[in-house]
Every structure is written in C-alpha cells, then in structure tokens.
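First up is the structure itself, then whatever we jot down about it.
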Amino acid sequence: MEIKQYHIVIVNLDPTVGSEIRKTRPCLVISPNEMNKHLRTITIAPITSKSKEYITRVKFELEGNVNWIALDQIRTIDMTRIIKIIGVLEMKEIRKVKSIIKETFVD
C-alpha cells in the first residue's frame, strides 16, 4: 500500500494514554511523500466527528458528514497501524491544514 501526503487513512490508534484521541478512526497523513516512501513510520493527524471550533482544527466533509482534522493531536505512528486508504483531502482543506501547521509550529 503506497501512502501519500494528504491521504485519508483508517488507523488503529490504540493503545493511547490520557487525553490522546483513541480507537480506530480516519486520520490525515501529513508527513511528506519522501518520508512515507522510505521510513516505516508516518506522521498523521487524527480526524474526529465530535469537536468544537478550535484554531488547530480544520472542518471538512468526509463521507457526507462533518469532521475535524485535529492538528493539535499530530503524532508519528508505525505504518502497521494503517488499515486502509479511504480518500484524499481536497485542495481547499490542504491549504487550511498547511496554514495552521505553519502558524502553530513554525512562526
């Protein structure tokens, strides 16, 4: 399975600790393709259907439902946690994700 940046994948996040987002759920791949191709780990942001408007969350539609990309919960996981690819994020949301990552972690 070739995983690429901005793919939406189903990931088993358990076990977790404390306030980490848990269970098997969709996640957004945010690590670049070069890393995804050569490493056995991948950086993801969990997706949740239950959220409030936070500055680190990107609202978008997935399979007809409103969901949120939780950029405040970014983590690196082993690729064996990925179950399958279910889609690709649209350019409008990709721009929002990039902007929030830059504002939160770079500036």
Side-chain angles (χ1 to χ4, degrees):
M1 171 171 25
E2 185 178 359
I3 306 296
K4 294 190 175 186
Q5 189 175 41
Y6 305 118
H7 273 170
I8 299 169
V9 294
I10 300 295
V11 177
N12 178 359
L13 295 175
D14 290 327
T16 58
V17 176
S19 297
E20 296 171 347
I21 291 179
R22 56 187 49 95
K23 71 183 183 177
T24 299
R25 66 174 60 247
C27 294
L28 178 68
V29 175
I30 58 174
S31 50
N33 292 335
E34 189 66 19
M35 287 174 59
N36 300 338
K37 183 177 178 181
H38 295 289
L39 300 178
R40 293 297 311 150
T41 56
I42 197 159
T43 305
I44 54 96
I47 295 172
T48 182
S49 61
K50 296 179 176 98
S51 182
K52 297 179 182 172
E53 297 260 354
Y54 294 129
I55 60 170
T56 57
R57 306 257 167 129
V58 175
K59 186 178 181 179
F60 78 111
E61 190 174 299
L62 176 63
E63 299 176 344
N65 299 309
V66 173
N67 283 271
W68 303 82
I69 302 165
L71 295 170
D72 52 292
Q73 291 271 342
I74 291 172
R75 67 184 87 171
T76 300
I77 60 167
D78 190 274
M79 281 199 179
T80 60
R81 288 183 177 265
I82 297 172
I83 297 168
K84 66 180 177 178
I85 301 167
I86 62 168
V88 179
L89 197 63
E90 293 185 17
M91 188 52 67
K92 176 181 163 187
E93 285 81 19
I94 289 171
R95 284 192 286 273
K96 288 180 188 176
V97 165
K98 286 180 170 185
S99 175
I100 290 171
I101 288 173
K102 183 178 180 207
E103 185 175 318
T104 305
F105 298 104
V106 178
D107 291 345

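Rounding to the nearest 0.5 Å places CG of L62 at 5.0 Å from CD1 of I86. Interatomic distance, I77 CD1 to I44 CD1, rounded to the nearest 0.5 Å: 5.0 Å. Taking NZ of K96 as the start and CZ of R57 as the end, the distance is 15.5 Å to the nearest 0.5 Å. Going from atom CZ of R40 over to atom NE2 of H38 covers 13.0 Å, rounded to the nearest 0.5 Å. We find the OG1-CD1 distance between T43 and I74 to be 8.0 Å, quoted to the nearest 0.5 Å. The CD1 atom of I100 lies 8.5 Å from the CD1 atom of I69; values are rounded to the nearest 0.5 Å.
With sequence neighbours left out, the salt bridge (charged side-chain N to carboxylate O under 4.0 Å, His left out) criterion links K4 to E2.
Put simply, V9 and L13 are part of the same group of oily side chains (I, L, V, M, F, W, Y) that touch within less than 4.5 Å, one to the next. Linking ILVMFWY side-chain heavy atoms closer than 4.5 Å, directly or via other members, places Y6 and I82 in two distinct hydrophobic clusters. Under the 4.5 Å side-chain heavy-atom criterion for grouping Ile, Leu, Val, Met, Phe, Trp and Tyr, M91 is connected to I8 within one hydrophobic cluster. Connection of V97 to F105 is established within a shared hydrophobic cluster, with ILVMFWY side chains joined at heavy-atom distances below 4.5 Å, either directly or through further cluster members. Neither I30 nor I85 shares a network with the other; the hydrophobic side chains, linked directly or stepwise wherever heavy atoms of I, L, V, M, F, W or Y lie under 4.5 Å apart, form separate groups for each.
With N36 contributing its side chain and S31 its backbone, the two residues share a donor-acceptor pair below 3.5 Å. Using a distance-only test at 3.5 Å, with no hydrogens or angles considered, a donor-acceptor pair links the side chain of N33 to the main chain of Q5. Distance alone, capped at 3.5 Å, places no donor-acceptor pair between the Q73 side chain and the P46 backbone. Using a distance-only test at 3.5 Å, with no hydrogens or angles considered, a donor-acceptor pair links the side chain of R81 to the main chain of D14.
When all heavy atoms of T16 and I21 are compared, the closest pair comes out as CG2-O, 3.5 Å. A pairwise comparison of heavy atoms in D72 and T56 identifies OD1-OG1, 3.0 Å as the closest pair.
Looking at heavy atoms from C-beta onward, I47 lies out of side-chain contact with R25 at the 4.5 angstrom threshold. Counting heavy atoms from C-beta outward, L28 and E93 have side chains that stay 4.5 Å or more apart.
Few gaps surround CE on M1; more than 12 heavy atoms of other groups in view lie less than 6.0 Å from it.
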